[in-house]
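Both ligands and their constituent atoms are indexed starting at 1 by order of listing. Residue indices begin at 1 and follow the sequence shown.
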Amino acid sequence: MVFRTEALTKVYATGETQVHALDHVDLELFEGELAVLLGASGSGKSTLLNILGGLDHASSGHVWFRDLELTAMRDRGLTRYRRDHVGFIFQFYNLVPSLSARENVKLVTDVAPNPMKAGDALEMVGLGHRLDHFPAELSGGEQQRVAIARAIAKQPEVLLCDEPTGALDSKTGVQVLEVLKEVNETIGTSIIVITHNAGIQAMAHRVVRLADGKIASVDVNDTRVAPHEIAW
Ligand code: ADP
Ligand code: MG
């Protein structure tokens with residue numbers, strides 16, 4: 001098992017009101033799987049992903065990454081956990097505009113314990129011919145693929161993706177999903193993808209639905225489709 005949560009709860013207090021972003025979530029996610037996290041806007045998907053990724057603290061309950069209890073760790077430990085084990089991909093690419101594609105990837109590989117070469121990671125996402133381009137010289141889909149290369153170049157054990165195709169047209173979205181599938185299958189990276197696009201669940205091993213901060217359902221796919229077969 002790669003992640004396990006037990007009664008995981010996150011409460012945001014804003015003024016007089018309290019929002020239960022996560023409400024006693026019990027969830028198990030498995031090594032080597034590609035899991036898709038679905039749910040309406042505001043259902044708690046990003047909150048859950050951020051806590052699994054050590055970017056945020058729970059209000060109560062427990063989270064384990066393998067046998068490491070994240071909820072028992074302080075900031076310094078979580079920083080080390082993120083650096084050593086986790087890659088993130090967000091909807092907005094967060095590339096450094098003054099650095100080339102290769103340099104953007106090197107920012108991460110220079111401090112990772114087990115990185116691949118920046119050029120190899122860019123090759124893997126089909127950008128071997130764009131190594132020295134700056135973000136402004138790349139299309140949206142290419143920028144997102146640089147961000148993916150940056151995340152996979154660490155060879156992280158888990159890759160957490162928050163709406164990675166949300167800003168992309170269907171063609172580039174499919175390219176991005178192809179890369180995620182490839183990383184999942186060749187490096188064995190466990191992947192969690194948050195998406196609004198219900199079609200993407202068809203390529204997942206496991207589909208988790210959240211509603212109002214609670215797990216609504218967990219389904220396992222026996223037959224999965226390739227990214228290009230997804231009804232976008
Ligand atoms: P999703 O990613 O599924 O759209 P989020 O996890 O971002 O949902 O948010 C879950 C709930 O928590 C929402 O009602 C949201 O408004 C609330 N929330 C998220 N972040 C904060 C915050 N920093 N302060 C207050 N409320 C928040
Ligand atoms: Mg979100």
**Prompt:** Are I148 and I194 connected, step by step, through hydrophobic side chains (Ile, Leu, Val, Met, Phe, Trp, Tyr) whose heavy atoms are closer than 4.5 Å?
**Reply:** no
**Item:** Close approach, G39 and ligand 1, non-hydrogen under 4.0 angstrom
**Value:** no
**Asked** Closer than 4.0 angstrom: is that true for some heavy atom of G213 and an atom of ligand 1?
**Response** no
**Asked** Looking at atom 4 (O) of ligand 1, would you say a protein heavy atom lies below 4.0 Å from it?
**Response** yes
**Prompt:** Heavy-atom distance from atom 13 (C) of ligand 1 to the protein below 4.0 Å?
**Reply:** yes
Would you mind checking which non-hydrogen protein atom is closest to [atom], with the distance to 0.1 Å?
atom: atom 9 (O) of ligand 1; value: T47 OG1, 3.8 Å
atom: atom 24 (N) of ligand 1; value: Y12 CD2, 3.5 Å
atom: atom 10 (C) of ligand 1; value: G42 O, 3.4 Å
atom: atom 8 (O) of ligand 1; value: G44 N, 3.3 Å
atom: atom 7 (O) of ligand 1; value: S46 CB, 3.8 Å

**From F134 atom CZ to E103 atom CD, the distance as rounded to the nearest 0.5 Å** = 6.0 Å
**Request:** To the nearest 0.5 angstrom, please state how far the CG atom of L8 sits from the CG atom of L22.
**Result:** 5.0 Å
**Asked** Taking D56 for the side chain and I51 for the main chain, is one N or O donor matched with an acceptor at less than 3.5 Å?
**Response** no
**Request:** Applying side-chain contact (heavy atoms from CB on, under 4.5 Å) between P164 and each of I191, V193, V179, L159, report the one that passes.
**Result:** V193
**Request:** Sort out for me which residue in Q144, R145, H228 forms a side-chain contact (heavy atoms from CB on, under 4.5 Å) with Q175.
**Result:** R145
**Message:** With heavy-atom distances below 4.5 Å as the criterion, would you say the side chains of Y12 and T17 are in contact?
**Reply:** no
**Item:** R150 side chain near L107 side chain, heavy-atom distance below 4.5 Å
**Value:** no
**Request:** Tell me whether S46 has at least one N, O or S atom under 2.8 Å from the Mg ion (ligand 2).
**Result:** yes
**Message:** With heavy-atom distances below 4.0 Å as the criterion, list the atoms of ligand 1 near A21.
**Reply:** 10 (C), 11 (C), 12 (O)
**Asked** Which atoms of ligand 1 have any heavy atom of A40 under 4.0 Å away?
**Response** 3 (O)
**Asked** Taking 4.0 angstrom as the limit, do E157 and R66 come out as a salt bridge?
**Response** yes
**Message:** Counting only heavy atoms closer than 4.0 Å, does ligand 1 sit against the backbone of V19, its side chain, both, or neither?
**Reply:** side chain
